[in-house]
Participant: 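My structure is below; once you've seen it, I'll send some questions.
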There are 2 protein chains.
Amino acid sequence: MARKPKLETVAKEAGVSTATASQVMRGAGRISDATRKKVLEAAHKLHYVPDGRAASMRSGINREIGLVIHQIANPFNAEVISGVSDLLEAEGFLVSVLDSRDDVERQRRNIQAFIRNARGGLLWVPADDTDDTTYDLLRTHGIPTVTFLRHLPSEPFDHVGIRDADATRKATEHLADLGHRHIAFLGGKSRSFVRTERIAGYSDVMQERGLAEPLVWDTEDDKMSGMEAMVALRAAHPEVTAIVCNGDMVAIGASLALQKIGQTPGHDVSIVGFDDVQDAAVSTPPLTTMAVSPYQLGRKLAQIMLDRLQAPDTPPTVTQVAATLITRSTTGAPPAG
Amino acid sequence: MARKPKLETVAKEAGVSTATASQVMRGAGRISDATRKKVLEAAHKLHYVPDGRAASMRSGINREIGLVIHQIANPFNAEVISGVSDLLEAEGFLVSVLDSRDDVERQRRNIQAFIRNARGGLLWVPADDTDDTTYDLLRTHGIPTVTFLRHLPSEPFDHVGIRDADATRKATEHLADLGHRHIAFLGGKSRSFVRTERIAGYSDVMQERGLAEPLVWDTEDDKMSGMEAMVALRAAHPEVTAIVCNGDMVAIGASLALQKIGQTPGHDVSIVGFDDVQDAAVSTPPLTTMAVSPYQLGRKLAQIMLDRLQAPDTPPTVTQVAATLITRSTTGAPPAG
DNA sequence: AAAGATTGGTATAACGTTATACCTTCTGTC
DNA sequence: GACAGAAGGTATAACGTTATACCAATCTTT
């Protein structure tokens, strides 16, 4: 196993100086076709891969972008990651993903590690309860940062989000139009900006249309919790005929629970999800949900990062992506009587 | 926004040399408590974070581990990632994840980027059809590598896998014990080592017990493909009363398709999945499947990496994790007649 | 009190790139 | 054939750490 080749090895092999070899590798400077070819051949022959640490240290440029997210396994998030990667990789960046698992401490370690390695930029879904020190750290070290999905209270960075209030508004109006009066909001636990917005959109419609008092029911955002919550909600509030969910997984859980007790989603109780995850279309019955294209969101995110890297000193921007209602089979008119 | 502090800044602030400051930060050398305290205070005051590029370049040590996997969104894989991160982060490593999406070209770029940044090690599920050049690259650059789940044909690295043949053997025996004679193997397309092993375990039982000729049916490993395949398989081979699947998603798809045509999984046709994904327990009916604990697999993987980093020159090892049969509701005796 | 050991600290040369400045040849022009 | 300018290359000093070697005190031991 040969020693790891460095630029000097390549230069020697090609019979030129390291300066020349460097220029060839970067496609910079004025180099004749003949020497360029010599160098490239030598590099290829030796399996040369430049050392990015040295390069980025000297040049001050690092084409590695980090993505810190609260849950890697979530299919929505996975699509976002695909969108980000596709665009950034096409521009020659490397995207590496860290899972904070919504743990502030783990997140702090991850971000610290980022700074250590002086990454080129950070795409970030802040964990719930993220404290100021974490983003102070990013600011003082001047890491170009774009947050998404979740807002920070005082927003010092670029942000890409969903028009959340608008989305739950549409969902609630859809249910109201079908004739529902007792509509609950189900899912989420935190007082995050996003959830607050969603609850606001829902509550607004409930009041504007003179429907029942808003009813918000907390749960974790997974299928199992959705099932348990549905059972509990039925028991506590039998008058509820429709629910707006904070996520598709909760919604699918609720739908399953309903069927387990012999009721039909979209008939006995109507359910609107949020996210349009892949399973939403193929679950039984297919789920009515609010869709945002996570892939497009990812691309948008990547674009904002590229813009930021181009113009580091422009003020932070906020971009919002609209959600659209996808009507499937879990919503319908309330049961008679 | 202050200039990014470097060791020199800290040293100056504390009134010592950079050598001393460095030793304090690393907890190395012989330093009095008084100066140690001075330096630490200065570092804290300035929000100093050491530059890992410079450090790893000089020391030759990089506590960043990369994980290249074929599908980030897969819940099984996500659990593996959790297991890996928990153990390695406890040891002070940073784990960053790259999604190859089973694309050889993307994978090559990812791994090349890894080498560029001289990461400390690579945990890797090779994409299908990975060619020799990719792992030659790893070898010539001396990156400590552990492959998992998927074998490379000639295995030059440590490997952690599932006892695949043994697993499908157990699954097939379970079905045979229930009285099935016509059992098919469903799922997967590639001639990967893993799938070959699984088919071997299945085929062996079919022959040992004198059951029907082995029947292998190719598909993609997702839910939708499982549905389509089930329909096609029923049409082509109505005598089949049980199937062993290459993955839970295919199995769940098959189960759904069966119910769509009015049949009952576990009664009309028995189904055994593979992986025990989260959905397996909550799908209707709950899926009988072969389970390996992905979290434990992840920890094992991390441990092998740590061992490898300790002893770079020992020969590669192969570790296998057993799968256990989880009996739920999709298996039962074959229909009478 | 001389020799050795220990303690606490520092100067300096790497690590592998790239940016800058500079140095040779060549051309072509008058 | 003198001179400007371009074309093609190279020497060298950074970038921010850490490992090595070394030094100057202070403390033992005999």
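Below, read A as the first sequence line, B as the second, and so on, with proteins coming before strands; counting in each chain starts at 1.
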Participant: Return no unless some side-chain N or O of Ser59(A) is found under 4.0 Å from OP1 or OP2 of dT18(C).
Facilitator: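 The answer is no; no side-chain N or O of Ser59(A) sits under 4.0 Å from OP1 or OP2.
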Participant: To the nearest angstrom, how far is Ile61(B) atom CD1 from dT18(D) atom C1'?
Facilitator: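 Whole-Å distance recorded here is 10 Å.
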Participant: Tell me which residues in residues 43-55 of chain A put a heavy atom below 4.0 Å from DNA chain D, sorted by number, or none.
Facilitator: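 Under 4.0 Å from DNA chain D: no residue of residues 43-55 of chain A.
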Participant: Does OP1 or OP2 of dG9(C) have a side-chain N or O of Thr35(B) closer than 4.0 Å?
Facilitator: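 Yes.
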Participant: Return the value, rounded to whole Å, for the distance between atom CD of Glu8(A) and atom P of dT18(C).
Facilitator: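 Answer to the nearest Å: 14 Å.
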Participant: Rounded to whole Å, how long is the line connecting atom CG of Leu7(B) with atom P of dT12(C)?
Facilitator: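 My rounded result for the distance is 17 Å.
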Participant: For the side chain to side chain donor-acceptor pair (under 3.5 Å) test, which of Thr130(A), Asp128(A), Asp99(A) pairs with Gln107(A)?
Facilitator: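 Answer after filtering Thr130(A), Asp128(A), Asp99(A): Thr130(A).
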Participant: Specify the separation, in whole Å, of atom CD1 of Ile115(B) and atom P of dG16(C).
Facilitator: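 Nearest whole value for this atom pair: 15 Å.
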Participant: When the distance from NZ of Lys6(A) to P of dA14(C) is rounded to whole Å, what number comes out?
Facilitator: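 In whole Å, dA14(C) P and Lys6(A) NZ are 11 Å from each other.
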Participant: A quick test of your reading: do over 12 heavy atoms of other residues, nucleotides or ligands sit less than 6.0 Å from CD of Glu8(B)?
Facilitator: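 No, the 6.0 Å shell around CD holds no more than 12 heavy atoms from other groups.
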Participant: Taking atom types as modelled and ignoring hydrogens, do the side chains of Arg116(B) and Gln112(B) form a donor-acceptor contact shorter than 3.5 angstrom?
Facilitator: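 No, Gln112(B) and Arg116(B) have no side-chain donor paired with an acceptor closer than 3.5 Å.
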Participant: Test your reading of the model: is there a side-chain donor-acceptor pair from Ser59(A) to the backbone of Ala55(A), 3.5 Å cut-off?
Facilitator: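 Answer holds: yes.
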Participant: Nearest whole angstrom, please: distance from the P of dA5(C) to the CZ of Arg30(B).
Facilitator: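 In whole Å, dA5(C) P and Arg30(B) CZ are 14 Å from each other.
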Participant: Which is true for Ile31(A) with a 4.0 Å heavy-atom rule: it touches a base, it touches only sugar-phosphate, or it touches nothing?
Facilitator: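 Here Ile31(A) touches the backbone only, sparing every base.
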Participant: Count the heavy atoms belonging to other residues, nucleotides or ligands that lie under 6.0 Å from CD of Gln310(A), then report whether that count exceeds 12.
Facilitator: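 No, because the 6.0 Å sphere around CD of Gln310(A) holds 12 heavy atoms or fewer from other groups.
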Participant: Does the side chain of Ile72(A) come within less than 4.5 Å of Asn77(A)'s, by heavy atoms?
Facilitator: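 Heavy-atom side-chain distance check fails, nothing below 4.5 Å.
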Participant: Base, sugar-phosphate or nothing for Ser56(B)? Non-hydrogen atoms, less than 4.0 Å.
Facilitator: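 Here Ser56(B) touches no strand at all.
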Participant: Would you tell me whether Ser100(A) and His70(A) have side-chain atoms, one donor and one acceptor, within less than 3.5 Å of each other?
Facilitator: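 Side-chain D/A pair, Ser100(A) to His70(A): absent.
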Participant: Axis-to-axis angle across the helix from dA1(C)-dT30(D) to dC30(C)-dG1(D), five pairs an end, to 10 degrees?
Facilitator: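 End-to-end axis angle for the helix from dA1(C)-dT30(D) to dC30(C)-dG1(D): 40°, rounded to 10°.
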Participant: Rounding to a whole Å, what distance do you find between Lys12(A):NZ and dG16(C):C1'?
Facilitator: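 These atoms are roughly 13 Å apart.
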Participant: Please state how far atom NZ in Lys4(B) lies from atom P in dT17(D), giving the value in whole angstrom units.
Facilitator: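 From Lys4(B) NZ to dT17(D) P: 8 Å.
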Participant: Any chance the side chains of Ser32(B) and Arg36(B) put a donor and an acceptor closer than 3.5 Å?
Facilitator: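 Side chains of Ser32(B) and Arg36(B): no pair found under 3.5 Å.
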Participant: May I ask you to verify whether the side chain of Arg58(A) and the base of dT18(C) hold a donor-acceptor pair under 3.5 Å?
Facilitator: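 Under the 3.5 Å cut-off, the side chain and the base do form a donor-acceptor pair.
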Participant: For Thr314(A) and Arg308(A), run side-chain hydrogen bond (donor to acceptor under 3.5 Å, both in side chains): C-alpha distance rounded to whole Å, both residues' side-chain angles, the deciding distance at 0.1 Å, then the answer.
Facilitator: CA-CA 8 Å; Thr314(A) 52; Arg308(A) 170 56 58 203; 3.2 Å; yes
Participant: Could you tell me whether the side chains of Ser85(A) and Ser82(A) share a donor-acceptor contact shorter than 3.5 Å?
Facilitator: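 No, no side-chain donor-acceptor pair sits under 3.5 Å.
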Participant: For the backbone of Arg101(B) and the side chain of Gln71(B), can you confirm whether one donor and one acceptor N or O come within less than 3.5 Å of each other?
Facilitator: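 Looks like no, no N/O pair under 3.5 Å.
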Participant: Which residues within residues 18-28 of chain B lie with some heavy atom under 4.0 Å of an atom in DNA chain C?
Facilitator: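 Those residues are Ala19(B), Thr20(B), Gln23(B).
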Participant: Any side-chain donor paired with an acceptor under 3.5 Å for Arg191(B) and Thr196(B)?
Facilitator: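 The answer is no; no qualifying pair exists.
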